[in-house]
Amino acid sequence: MQLDRQRTILRDELLKEEIHGAVIDGIKVFVLPKKGFRRKYAEISFEYGSNDNTFIPNGSGEPVNVPAGIAHFLEHKMFEKPWGEAFSAFAGLGASANAYTANNYTSYLFWTLENFPKALDLLMEVVFSPYFTDESVEREKRIITQEIRMYQDQPGSRLLRETLSSLFLKHPVRLDIAGTESSIQQVTKELLYLCHTNFYCSANASLFIAGDFDPEQVLDLAAGIITRRGLKPCKPPFRIRPEEPHDVGESVRLTMPVPTPLLQIGWKDVSLKQGRELIMHETSVNMLLELMFGGSSSFFSKVQEEGLTDRISFSYEAWPDYAFAVVGAETTDPDRLMGMVFDEIERVKSTGVDPNDFERLKRTMLGRFITLFDSFDTVGQLQMRLSDIGEDVFSYGTMLKELDLDSVMAGLACFSPERSVTTVITGDGKHQNGPQRLE
Amino acid sequence: MISKATEKPDGIFNQIELGHGIVLHYLPETKWKTLSIDVFFKIPAMADKLTALSLVPRLATRGTQRLPSVQDISRFLEDLYGAGMSADARKVGPIQVIRFGIDLPSPSHLGVDMSGSRNSLISRAVSFVWDLATRPNLRDGAYPQEVFEVEREEHRRAITGLINNRPYYATLSLLHEISQGDPRGLPAWGTLADLDRVNPRDTWDIWKQMLAQCPISIYVIGDGAEEVAGFLSGCQLWFPCDRSEQLLDISEQLDPPPAPENVLRVEEFLPGEQTILCMAFETGIREGDPQLPAMLFCDGILGGFPHSKLFSVVREQHGLAYFSDTIPNTWRGLIIATSGISDTDRRDVEQLIVSQVEAMSKGDISDEEMESTRMGLVRRLMTEDDSQRALVMRSLSHEILGGMATPQTLADAILKVTKEEVIKVASQMKLKAVYTLRAKEDAIG
């Protein structure tokens with residue numbers, strides 16, 4: 001999807017969906033009209049996440065290192081304004097706001113029944129008008145410390161964190177998105193301003209709007225609000241990523257008060273791709289994982305009948321600078337399941353998969369693609385990510401139809417035992433006494 | 001297409017009585033791309049049967065007579081364009097509800113046969129859901145022993161695994177303590193003690209008995225609902241036993257277990273980084289009570305939103321928590337506050353939360369808080385119209401517990417609530433239980 005000030009309309013006749021787009025003062029704007037829905041939704045996303053810890057600021061030749069977790073810290077602090085708390089201001093308009101930080105992007109969103117223009121204006125103020133004080137930064141450190149501890153107590157979250165830390169030796173994806181209790185102590189308001197100035201620029205932003213709107217009127221509204229902010233033309237800073245070796249770290253075993261052990265196996269994929277090829281590859285490998293470990297696989301039937309687990313989770317994630325796959329489960333016997341997973345991959349490498357299984361899975365992917373449009377946020381996130389590589393949600397649907405078994409089987413190259421790690425969490429036996437009533 | 005008369009007694013769903021105690025609720029609506037079909041079996045709380053019945057959904061998804069294995073079922077669902085199957089046991093008030101459902105892409109977007117004719121997507125989906133409920137894969141009139149044993153252990157792990165989500169576990173434990181052994185307060189998944197006692201034959205017999213006796217609600221919502229209703233109206237629903245003339249009465253004993261007289265204080269040690277503080281305030285206002293809108297208002301001002309007092313005071317002002325919020329339990333008439341905090345701050349946070357309730361009861365509620373909460377509640381209710389799941393669950397809850405049938409009726413009532421009414425509810429709030437899931441190992445007490 002090539003966007004410019006000229007407005008673009010994309011349609012899918014069978015889906016009966018369309019997306020209207022334009023670039024307004026550097027910001028890519030998309031509108032998905034959803035007739036009959038009450039909710040009006042907007043999300044602005046910046047291509048800036050927890051991986052962006054080293055960069056050369058605009059106008060400078062010197063790289064800077066910022067503390068791990070600062071993108072997430074910045075996301076928290078953007079809701080504070082000289083006039084008060086932006087959450088309350090959204091509430092005053094009848095809107096509910098939220099935000100989240102990922103490895104590669106940060107998003108701010110709201111949904112509302114009424115006052116959409118004012119809420120959209122407020123969203124722009126939230127992201128483009130920073131206001132930090134020493135005191136509020138110090139207070140936020142205490143709040144984020146509690147958030148970090150909350151995730152530390154979640155076995156699933158801990159499992160992925162440990163796997164990524166072992167899998168990647170240098171790349172910042174190995175670090176917790178929220179940082180650590182000690183790294184966030186180094187955050188200052190000056191560093192927050194530095195990150196904001198460099199990354200929260202229009203060329204780095206996408207805005208997605210969905211609801212029962214006249215799309216052209218909403219584009220006019222967005223254009224008016226964005227233009228009034230007088231954003232200066234800008235470009236994102238130069239990001240520096242360490243060169244990631246092909247090797248992986250050690251596998252990890254740790255204890256937590258879990259009643260059933262947890263297993264996760266991670267593979268580092270070193271054949272990195274770009275653009276459309278990356279998306280096709282990511283989709284292919286996810287299909288391959290489903291063929292090997294999904295509910296209709298012989299493998300799943302076997303482990304379920306043995307009572308090893310009743311749910312296997314799996315995913316493959318690819319970005320231009322790193323990629324990995326994970327397979328995991330809560331299981332009574334992590335060592336046995338681990339061996340079976342590796343054996344299954346070798347079996348599929350030597351015997352392939354049944355083409356009928358592949359065709360059925362393609363039908364499944366097509367069905368999931370259709371129902372995706374019931375979720376504003378999922379469509380929005382997909383559209384914003386795809387637009388960065390010149391694609392869109394509808395061309396993604398076409399990509400799904402183009403997938404063939406050969407490209408899916410080519411994904412097996414990601415699963416090299418030499419580039420894998422395992423994380424096992426077992427119980428520590430410390431949750432035994434149950435509740436005690438106090439007098 | 002639909003032969004029998006339909007009506008909308010007080011909700012947004014059309015209704016048809018398909019048979020004795022079997023009511024179809026359907027809502028054709030093209031804005032969604034998912035067609036959702038759910039069958040709910042409604043059973044009064046019976047402590048001796050609860051655990052066995054909670055296993056039924058698990059066992060059903062292990063195979064039906066036509067699709068006898070998990071792999072057969074999964075392949076069937078993939079053929080239906082990746083339809084999603086669901087089966088679970090839940091509670092609506094004291095009533096145990098066993099659900100079997102399927103979500104599939106609306107046939108109109110697939111360019112396939114939309115009719116309810118044999119072999120169409122719709123007829124295959126409906127028949128499958130009904131098979132899940134009534135035609136499980138059996139051996140000699142019982143669930144296969146080896147399948148039963150695996151599912152018994154998976155169920156055990158699911159129950160013990162609840163501690164992996166600490167705030168949720170803390171809330172469940174709080175409710176468990178408040179219920180003080182009353183069967184109406186038992187969780188939908190039963191108890192570990194009963195799990196050891198159930199067996200494959202009795203479990204199937206109990207379920208068959210329920211199939212004969214319990215009231216059934218079928219909900220169909222989305223693009224294609226009319227066709228599903230037409231298909232269901234024209235077919236005879238099969239049961240493995242005769243439907244009883246005398247159905248189970250689910251309108252009796254709907255009251256919750258009485259809350260404890262004095263404040264109940266319970267601590268549990270679960271090593272970790274963060275202590276969870278969970279507090280139950282009784283309001284005495286339940287589903288169907290004219291004060292319910294004011295009770296929801298009270299919850300909203302105290303902790304239901306990011307503009308609420310707990311977020312502003314406990315998190316933003318004092319920096320003591322990442323989350324500190326409340327949820328209403330309208331069956332029990334409770335407002336439950338949950339906070340993730342440092343263990344050493346637990347008494348301070350408890351005091352802070354109590355002081356916010358006291359402040360509200362003395363009238364410390366600004367006009368801004370009132371209006372933000374009003375808009376927040378209306379938004380929350382009216383956007384239920386966008387969610388198939390929310391609409392179905394509200395209607396099912398209305399069937400069982402009464403109260404307001406649609407988001408619109410409740411939203412209309414929210415618009416009329418005054419500050420004085422909210423203050424009155426706040427002054428009725430009594431702290432009944434404090435449950436602390438402590439992360440740090442020192443002397444509990």
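A:Phe300 is linked by a ring-ring contact (aromatic ring centres under 6.0 Å, His included) to nothing, counting only residues two or more places apart in sequence or in another chain. Applying the ring-ring contact (aromatic ring centres under 6.0 Å, His included) criterion to A:Phe369, with sequence neighbours excluded, gives A:Phe373.
For A:Ile148, no part lies near chain B; criterion is any non-hydrogen pair under 4.5 Å. Residue A:Ser301 touches chain B through its side chain alone, counting heavy-atom pairs closer than 4.5 Å. For A:Glu138, no part lies near chain B; criterion is any non-hydrogen pair under 4.5 Å. Proximity to chain B is limited to the side chain of A:Glu85, based on heavy atoms less than 4.5 angstrom apart. Contacts of A:Ala89 with chain B are absent, with no heavy-atom separation under 4.5 Å from either backbone or side chain. With a threshold of 4.5 angstrom between heavy atoms, B:Gln317 approaches chain A through N, CA, C or O but not through any side-chain atom. Only the side chain of A:Leu366 has a heavy atom closer than 4.5 Å to any heavy atom of chain B. Both the backbone and the side chain of A:Asp153 come within less than 4.5 Å of a heavy atom of chain B. Contacts between A:Glu140 and chain B at a heavy-atom distance below 4.5 Å involve the side chain alone, from C-beta outward. If you measure heavy-atom distances from A:Thr145 to chain B, you find no contacts under 4.5 Å at all.
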Requested in this report: Apply side chain to side chain contact (heavy atoms under 4.5 Å, CB included) to the pair B:Phe323 and A:Glu147, showing each step before the final yes or no.
Outcome: CA-CA 8 Å; B:Phe323 68 90; A:Glu147 188 179 359; over 6 Å; no
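Using a 4.0 Å cut-off between a side-chain N of Lys or Arg and a carboxylate O of Asp or Glu, A:Arg39 and B:Asp385 do not qualify as a salt bridge.
Rounded to the nearest 0.5 angstrom, A:Lys40 NZ and B:Asp386 CG are separated by 9.5 Å. Rounding to the nearest 0.5 Å places CG of B:Leu381 at 10.5 Å from CZ of A:Arg38.
A donor-acceptor pair shorter than 3.5 Å can be found between the side chains of A:Ser296 and B:Glu78.
For the side-chain hydrogen bond (donor to acceptor under 3.5 Å, both in side chains) with A:Gln146, the lone residue among B:Ser324, B:Ser339, B:Ser342 that qualifies is B:Ser342.
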